Structure formats: C-alpha cells, structure tokens
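As a basis for the values below, the full set of heavy atoms in this structure was taken, side chains included, without hydrogen atoms, waters or symmetry mates. The model shown is predicted, which means the values in this text are computed figures rather than measured ones.
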Amino acid sequence: MKKGLLALSPLIVFIVLYLVTSIIARDFYKVPITVAFMVASIYAVCIFSGRPLKERIEVYSQGAGNSQMMLMIWIFVLAGAFANSAKAMSSIDATVNMALALLPGQMLLAGLFLAACFISLSIGTSVGTIVALTPIAAGIAQQTGTPVAMMTAVVVGGSFFGDNLSFISDTTIMATSTQGCKQSDKFRVNSFIVLPPALLILAVYIVMGADMASPQHVGEVEMLKVIPYLAVLVTAIMGINVMVVLALGIALTGLIGICNGTFDVFGWFQSMGTGIMGMGELIIITMMAGGLLEIIKHMGGITFIIRRITLHVHSKRGAELSIAGLVSLVNLCTANNTVAILTVGGIAKHIGDRYGVDNRKAASILDTFSCMTQGIIPYGAQLLMAAGLTQLNPISLVPYLYYPFAIGAAALMAILLRYPKRYS
C-alpha cells in the first residue's frame with residue numbers, strides 16, 4: 001500500500017503544487033505549469049530508489065523521448081509553423097470572415113461544434129481536428145467578443161466525438177482488439193451511450209448562441225487566402241496523416257503569401273520560426289510529463305492502481321465500474337488514452353469474461369471513459385495543443401469542456417442503470 005502510494009506521489013505533488021496552489025491564489029498563471037512539472041520530476045527522480053542516479057535519469061529521459069512523445073512534438077512543431085505563417089498571411093482572418101459570412105451569429109457555437117464532430121469522425125483523431133479548427137475558433141471569438149477559452153473548448157469537445165466513435169480512431173481499434181469484438185458492434189453500443197449527450201450539448205450551444213450576433217462589419221472574404229485552411233480541412237477529412245496535412249498547409253501559406261506579396265521567402269521563414277518558438281513551452285511540458293509518467297510506471301504506480309481497483313469486484317455492475325475506473329486512472333497517469341486502453345485492455349477482458357460483461361459494452365466503456373479523461377486533463381496533448389495555439393492556460397479551458405464531462409456522466413449512468421439493456 002505504502003509503496004503504491006509512493007509510486008503515485010509524483011503525480012500528487014504536481015497536482016498539489018499546480019492545481020491546489022493556483023486555486024488558493026485564485027490565479028492559474030501564478031504557478032507556471034513548467035515549474036510544477038519540473039519540481040514533480042525532480043521529486044520523482046529522488047524517490048525512485050534502488051538504482052544509480054544515472055539510471056534513474058535515463059528512465060526519465062526514455063519516457064520524455066519515446067516515440068509517441070516525439071511524434072507529438074513533431075506535430076507541435078509543424079502546427080506552430082503553420083499557424084503562425086497562416087496568421088502572417090492573413091489566412092486565419094480570411095477563413096474567419098468566411099465563417100462569419102456563411103453562419104448566422106446564433107449558430108456560430110453550434111456550427112463550430114458540429115464541424116469539430118464531423119471532422120473528427122471523418123479523420124478519427126482529436127489532435128488533427130484541434131489543429132485545423134482552433135485558430136478559426138479563436139478568430140471568431142475575437143471578432144464576436146466571445147471568450148476565446150469557451151470557443152476553443154467547443155472545438156476540443158467536438159474533437160472527442162470522433163475520437164470516441166470513429167472506425168479509424170486508434171482508441172476504437174485498440175478497445176475492440178483488446179476486447180475481441182467488431183468495430184461495428186462497438187460503434188452501435190457506443191452510439192446509444194454518447195449520441196444523447198452529443199445532441200444535448202448541441203442544444204445547449206444553440207441556446208447559448210441565441211444572443212450572439214455576427215459583427216456588423218465582416219471583412220471581405222479573400223478566397224485565395226482561405227485556400228490553406230480549406231486544403232488542411234479537406235485533406236484531414238480524407239484521412240491523410242496529420243503531419244502531411246500540416247506540411248501541405250505550410251507550403252501553401254508560403255506559396256500564396258509570396259505570390260500575393262504578403263511576405264518574401266525570408267519573411268515566410270521568419271513567421272515559421274516564430275511559430276515554432278511559440279510552441280517551446282508546450283514541447284517542454286510534453287517531455288517532462290512523459291518522463292514523470294515513465295518513472296511512475298517503473299515504480300509500479302499503474303500496477304498498484306489495477307490491483308486496488310480489481311480487489312473488490314463482485315458483480316457485473318462492479319466489473320463495469322472497475323473497467324471504467326481502471327482506464328480513467330491509468331489515463332491520468334499516462335496522459336494518453338490509447339496507451340491507457342492498451343495498458344488495461346487485457347485485465348479488462350479478464351474481468352469482463354469472469355463476470356459476464358458483454359465484450360461490446362466493455363470496449364465502449366474503455367473508449368468512452370478514456371476519451372472523457374483525456375478530454376479534461378490539462379496536461380494531455382489535446383488541451384496543451386489547443387492552449388498553445390491560442391496562447392491560453394490549459395486550465396482555463398476545463399470549465400467549458402461540456403462534451404467530455406457529458407459523455408463521462410452518460411457512460412456512468414449506462415453502467416448504473418444497465419443501459420443499453422441489450423448489451424447489459
């Protein structure tokens with residue numbers, strides 16, 4: 001017990017240092033998140049006993065630089081270069097003007113949520129959706145006087161709709177493969193659980209947007225400058241790798257910006273460099289989080305969570321609740337919903353088979369609770385990406401993340417009320 005709590009204590013140190021002190025100070029900018037991760041990381045290396053200091057640092061470094069972390073960092077680099085070069089050539093302004101011209105003010109929130117749901121369902125990734133839509137959402141917020149954090153959170157929430165449901169989402173593939181069921185069957189069960197909250201949140205956004213009005217003077221829509229974002233959206237929907245999508249967007253901003261005289265080659269390079277540097281804090285946070293979580297894993301923190309949660313399972317409802325708790329807690333410790341499903345998928349299958357849980361519902365529970373958790377943790381890639389693109393603190397997005405909280409509540413009710421009946 002003590003060993004398990006010690007293994008998890010670095011995460012507790014981070015939460016106390018960052019969240020608790022920020023709440024006490026009533027200012028989430030009081031303690032930089034980088035400092036909180038640095039202190040928690042130093043603490044983790046210190047308590048990782050039984051190994052030489054050099055070996056402990058190597059374990060931390062392996063976690064900070066593993067293939068998944070590096071893939072996210074490359075995406076951050078490309079996203080920074082694209083976002084800033086698009087901003088420099090007024091591509092974001094042109095795209096925002098087009099959105100304001102096409103959508104009435106009352107439908108801006110709901111329209112943005114629907115766009116995020118559709119794109120994420122098409123491409124199966126929340127990160128790609130956030131990269132494509134967040135700058136547009138921030139621009140609309142500034143034009144309409146809406147809080148940027150709220151408009152950004154609309155995109156983040158919608159992006160998890162497809163992350164959870166899409167046939168090509170890595171979470172769907174992992175959940176169905178570990179539970180031994182078809183993706184179509186899992187989709188059917190998942191739809192019963194998450195479509196009602198999705199419709200509810202859409203209705204909420206329609207009501208919230210009822211008093212919103214488009215600006216009186218919408219700028220001219222320069223279609224040539226809209227092309228980079230249209231290309232990013234179309235290629236993303238086609239399912240092309242997000243890095244290829246961003247590289248194409250960067251190339252188009254350079255080509256169009258140089259041709260219309262917005263900047264020369266060196267100006268384009270400068271704008272890309274500024275965008276990449278602007279992602280510096282985000283990259284540092286990602287690496288330190290990866291290193292911290294790797295030490296927690298090596299110290300047995302995840303094994304401790306699995307053992308404690310499965311200790312008191314005695315019924316089908318208890319089995320489903322334990323699967324939900326397992327994947328949520330492991331997601332908190334790994335900040336990656338796919339890794340969380342992979343980590344607990346085997347034990348979830350064992351629990352499900354022992355207590356008669358339908359494989360299709362087990363897969364749905366794994367996917368939905370992992371997406372819920374990933375959608376609200378401020379150190380997850382999605383919130384860090386959205387915050388980095390809008391220059392916000394990731395904590396400021398959390399109060400507006402209606403959809404992730406809604407699917408978590410709906411999935412919990414599905415367990416407690418044995419819904420849907422056919423699969424319970």
For [X] against [Y], the heavy-atom pair lying closest together:
| X | Y | result |
| --- | --- | --- |
| Phe263 | Ala88 | CE2-CB, 4.0 Å |
| Ser370 | Asn331 | O-OD1, 3.0 Å |
| Gly209 | Leu109 | N-CD1, 4.0 Å |
| Pro196 | Ser191 | CD-O, 3.8 Å |
| Tyr229 | Ala86 | CE1-CB, 4.0 Å |
| Phe369 | Ala411 | CE1-CB, 3.4 Å |

*Using the side-chain hydrogen bond (donor to acceptor under 3.5 Å, both in side chains) rule, pick out the option among Ser91, Ser271, Ser85 that qualifies with Thr253.*
Ser85
Is the shortest heavy-atom distance from the side chain of [X] to the side chain of [Y] under 4.5 Å?
| X | Y | answer |
| --- | --- | --- |
| Leu321 | Leu416 | yes |
| Lys182 | Thr176 | no |
| Val313 | Arg354 | no |
| Ile173 | Gln183 | yes |
| Ile407 | Ile193 | no |
| Leu165 | Thr172 | no |
| Arg360 | Arg188 | no |
| Val45 | Leu53 | yes |

Taking atom types as modelled, find out whether [X] and [Y] have a side-chain donor-acceptor pair closer than 3.5 angstrom.
| X | Y | answer |
| --- | --- | --- |
| Asp367 | Thr171 | yes |
| Gln382 | Gln374 | yes |
| Thr274 | Asn84 | no |
| Asp163 | Ser120 | no |

[X] [atom1] to [Y] [atom2] distance, which is reported to the nearest 0.5 Å:
| X | Y | atom1 | atom2 | result |
| --- | --- | --- | --- | --- |
| Ile119 | Phe161 | CD1 | CZ | 13.0 Å |
| Thr178 | Ile341 | OG1 | CD1 | 7.0 Å |
| Thr373 | Leu329 | OG1 | CG | 8.0 Å |
| Phe76 | Met69 | CZ | CE | 9.0 Å |
| Leu248 | Leu78 | CG | CG | 11.5 Å |
| Ile15 | Thr21 | CD1 | OG1 | 12.0 Å |

*Test side chain to side chain contact (heavy atoms under 4.5 Å, CB included) applied to Val244 and Thr235, step by step*: CA-CA 9 Å; Val244 176; Thr235 52; over 6 Å; no
*Not counting sequence neighbours, list each pair that qualifies as a salt bridge (charged side-chain N to carboxylate O under 4.0 Å, His left out) and has a residue in residues 332-352.*
Lys349-Asp353
Ignoring hydrogens and angles, tell me if any N or O in the side chain of [X] forms a donor-acceptor pair with the backbone of [Y] under 3.5 Å.
| X | Y | result |
| --- | --- | --- |
| Lys316 | Gly356 | yes |
| Lys3 | Met299 | no |
| Glu281 | Gly278 | no |
| Ser364 | Lys361 | no |

_Under the criterion side-chain hydrogen bond (donor to acceptor under 3.5 Å, both in side chains), I'd like the reasoning laid out for Asn164 against Ser169: C-alpha separation, chi angles, the key distance, then a yes or no._
CA-CA 7 Å; Asn164 179 221; Ser169 167; over 6 Å; no
*asked:* Which residue in the set Leu401, Thr134, Leu389 passes side chain to side chain contact (heavy atoms under 4.5 Å, CB included) when paired with Thr152?
replied: Thr134
*What's the verdict on ring pair (Phe, Tyr, Trp, His ring centres under 6.0 Å) for Tyr379 and Phe14, showing C-alpha distance, side-chain angles and the deciding distance?*
CA-CA 11 Å; Tyr379 51 92; Phe14 166 73; 5.7 Å; yes
_Chi angles and distances behind the side chain to side chain contact (heavy atoms under 4.5 Å, CB included) call for Val77, Ile283_ = CA-CA 8 Å; Val77 168; Ile283 291 169; 3.9 Å; yes
*Step-by-step side chain to side chain contact (heavy atoms under 4.5 Å, CB included) determination, Met243 to Leu71*: CA-CA 9 Å; Met243 296 180 73; Leu71 178 61; 3.5 Å; yes
*Begin from the C-alpha positions of Cys371 and Asn337 and carry the test side chain to side chain contact (heavy atoms under 4.5 Å, CB included) through to its verdict.*
CA-CA 6 Å; Cys371 284; Asn337 46 353; 3.8 Å; yes
*Does a sphere of radius 6.0 Å around CE in Met70 hold more than 12 heavy atoms from other residues, nucleotides or ligands, not counting ones at 6.0 Å or beyond?*
yes
_All pairs passing side-chain hydrogen bond (donor to acceptor under 3.5 Å, both in side chains) where residues 4-17 contributes a residue, at least two apart_ = Ser9-Tyr43
*Verify whether the ring centers belonging to Phe167 and Phe187 lie closer than 6.0 Å.*
yes
*Between Phe269 and Phe266, how do the two ring planes meet: parallel, tilted or perpendicular, split at 30° and 60°?*
perpendicular
